[in-house]
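First up is the structure itself, then whatever we jot down about it.
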Amino acid sequence: MPDDQQSGAAPIQPVLDAMRASLGPAGVLTDPADLAPYLTDWRGLYHGEAIAVLRPASTEEVSACVRLCAEHGIAIIPQGGNTSMVGGATPEARPRQVVLSLSRMNRVRQVDTADMTMTVEAGLILTRAQQVAAEHGVFFPLSLGAEGSAMIGGLLSTNAGGNMTVRYGNARDLMLGLEVVLPDGAVIHGLRRLRKDNTGYALRHLFVGAEGTLGIITAAVLRLFPAARETATALCAVPSEDAALALFRRFRAADEGAVRAFEYMSGQGMRLVMANIEGAAMPFATPGEHYVLVDLSASREGAGLRGMMEEVLEAAMEAGEVADAALAESEAQRVAIWRLREEHPEAQKRAGASVKNDVSVPVSAVPELIRRASAACLALIPGSRPVPFGHMGDGNIHMNLAQPEAMSATDFLARSHDIMDCVNAVVRDLGGSFSAEHGIGRLKTDMMEEWRGGAELAAMRAIKAALDPQGIMNPGKVLPHA
Ligand code: FAD
Ligand code: 2HG
Ligand code: ZN
């Protein structure tokens, strides 16, 4: 039941009636059982409250909802696929707020293979965007483990990275234009398909990575790329973190443009995958403490990637940088190798409590990060299990820590902030960032002052106040409470 009676605020029921009138019955959910999945996050760490979930089906409907919310002081939590790793899409436990789900706005408005652009709505699921591009003979390179659920609006709002940042950049780099509903309901119609567009402030970039705190992305123009005509994928066991970096440098020297993913995994992470993921199998017998997955592609047939892969691996083996390697001989083997990497988050989830540290350092400092942060975590929580993995080619490692087998999940999670501080001290020393690709959400707001305090945070607050003076857009996320 709405709690406006207690707060003295205007009654909610007439607002919900007005929303139903604008969105239709399918557009407004209020039954607690229907609301439940929208009120908790993928990790099960956060739970919140909302008086309704709004499911608009068009930009006009989003605008109408936002206007009503603004008039009645109702906070809005935009939500896409709800795969946030930082609780960004989960409401807080506060009265007078709604979740606004973009899931019904999932149309592809236009694909243009002359301009190499695709104009899509915010609720389009990433795998569908990839498929549509492939159906047109082109390629959309954003790729990550949550791609079967994550939506374009959420991916842009977090400036998602994923596996192919090393070649194609982050979500921001894949966006040319945006349509956005501002916190007062006004619409920015910025769906331009331009490669050059210097016309005042680049407002479109303000909303990318803003995690729903400045407005609601309703549609975007995305960049497309030539389809791969040749690929080569290998999983390698390497003797050390330094060897992994040396191998990356070898591939870059051989053909920098061919490397589309270069991912690091630890022996600990692989063991969790083997123990918790059905059907996971190592493609070679050599057990290792360090692995890399290298994925090459070329849009030109006859690029000779397979030969190049073999040459580089042979030289690396001679130099003692690779202990064993398996090259995918078929699409099924390629998928199986990628699965060993992509199932790391799920395997960790099934293995008990974990603390995530989504951090980045200069690529050259990745080995030192892994070594020093692992040692620091073990000194802090003896028996804990460091599970570093991730996007080595762009310097973003998930410096995660799994709970000790002999410790309760609750006791371990109570140390979350100590663990994050311990990893972040190393990250700071190496000139890195405490927030690489997942964003700030609810998890990291209290670190903003320390890492981005002073002029940077003041400028962020000024932008927030200018665009959202009532503070109704995703309250409690990104910016620490003043
Ligand atoms: P949600 O989780 O619904 O929302 C994320 C944030 O964006 C919230 O703050 C929300 O309020 C806001 N938001 C959502 N839609 C809109 C909109 N239309 N307008 C304005 N704000 C909006 N992330 C990576 O970067 N790289 C990875 O490799 C990666 N791998 C993952 C693997 C797994 C198994 C999981 C569970 C998550 C992974 N993530 C990864 C994190 C997550 O998938 C990304 O952050 C993704 O971008 C979130 O998309 P979403 O649609 O689920 O957004
Ligand atoms: C990935 O790279 C995701 O798989 C999730 O960013 C990382 O589980 C994690 O910490
Ligand atoms: Zn990642």
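First listed ligand is number 1; within each ligand, the first listed atom is number 1.
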Please work out which of Glu147, His438, Met85 has its closest non-hydrogen atom nearest to atom 23 (N) of ligand 1. His438

Examine the proximity of ligand 1 to Asn474 and report which part, side chain or backbone, both or neither, has a heavy atom under 4.0 Å away. side chain

Before signing off on this row, confirm whether Gln79 and ligand 1 have an N or O atom pair separated by under 3.5 Å. no

Name the orientation class of the two ring planes belonging to His398 and Phe389 (parallel below 30°, tilted from 30 to 60°, perpendicular beyond 60°). tilted

Say whether Asn163, considering both its backbone and side-chain N or O atoms, lies within less than 3.5 Å of an N or O atom on ligand 1. no

Out of Thr158, Val180, Leu100, indicate the one that has the non-hydrogen atom closest to atom 6 (C) of ligand 1. Thr158

Which residue and heavy atom of the protein sit nearest atom 43 (O) of ligand 1, plus the separation: Thr83 OG1, 2.7 Å

Closest approach of any protein heavy atom to atom 22 (C) of ligand 1, naming residue and atom: Ser157 OG, 3.1 Å

Pairs under 3.5 Å, N/O atoms on ligand 2 and on the protein: can you put them in a table with the distances?
| from | atom 1 | to | atom 2 | distance (Å) |
| --- | --- | --- | --- | --- |
| ligand 2 | 2 (O) | Arg341 | NH2 | 2.6 |
| ligand 2 | 2 (O) | His391 | NE2 | 3.1 |
| ligand 2 | 2 (O) | His398 | NE2 | 3.0 |
| ligand 2 | 4 (O) | Arg341 | NH1 | 3.1 |
| ligand 2 | 4 (O) | Arg341 | NH2 | 3.3 |
| ligand 2 | 6 (O) | His398 | NE2 | 3.0 |
| ligand 2 | 6 (O) | Glu437 | OE2 | 2.9 |
| ligand 2 | 6 (O) | His438 | NE2 | 2.7 |
| ligand 2 | 8 (O) | Lys356 | NZ | 2.7 |
| ligand 2 | 10 (O) | Lys356 | NZ | 3.3 |
| ligand 2 | 10 (O) | Asn400 | ND2 | 2.8 |

Between Ala89, Ala160, Gly161, which one has a non-hydrogen atom sitting closest to atom 4 (O) of ligand 1? Ala89

Once you restrict to heavy atoms under 4.0 Å, what part of His391 touches ligand 1? Side chain, backbone, both or neither. side chain

Do any nitrogen or oxygen atoms of Asn82 come within less than 3.5 Å of a nitrogen or oxygen of ligand 1? yes

Any N or O of Ala122 closer than 3.5 Å to N or O of ligand 1: no

Ligand 1 to Gly81 polar contact by distance, N or O atoms, under 3.5 Å: yes

Measure Leu155 to ligand 1 on non-hydrogen atoms and call it side chain, backbone, both or neither using the 4.0 Å cut-off. both

Just wondering, do Thr30 and Asp34 contact through their side chains at under 4.5 Å, heavy atoms? no

Using a 4.0 Å cutoff against the non-hydrogen atoms of Gly212, which atoms of ligand 1 qualify? 20 (C), 21 (N)

Should the ring pair Tyr264 and His290 be called parallel, tilted or perpendicular, given that the plane angle runs from 0 to 90° and is split at 30 and 60? tilted

Is it true that Arg341 and Glu263 have a side-chain N and a carboxylate O under 4.0 angstrom from each other? yes

Gly80 N/O to ligand 1 N/O under 3.5 Å: yes

Excluding waters, which protein N, O or S atoms are within less than 2.8 Å of the Zn ion (ligand 3)? His391 NE2, His398 NE2, Glu437 OE2

Close N or O approach (Ala146, ligand 1; < 3.5 Å): no

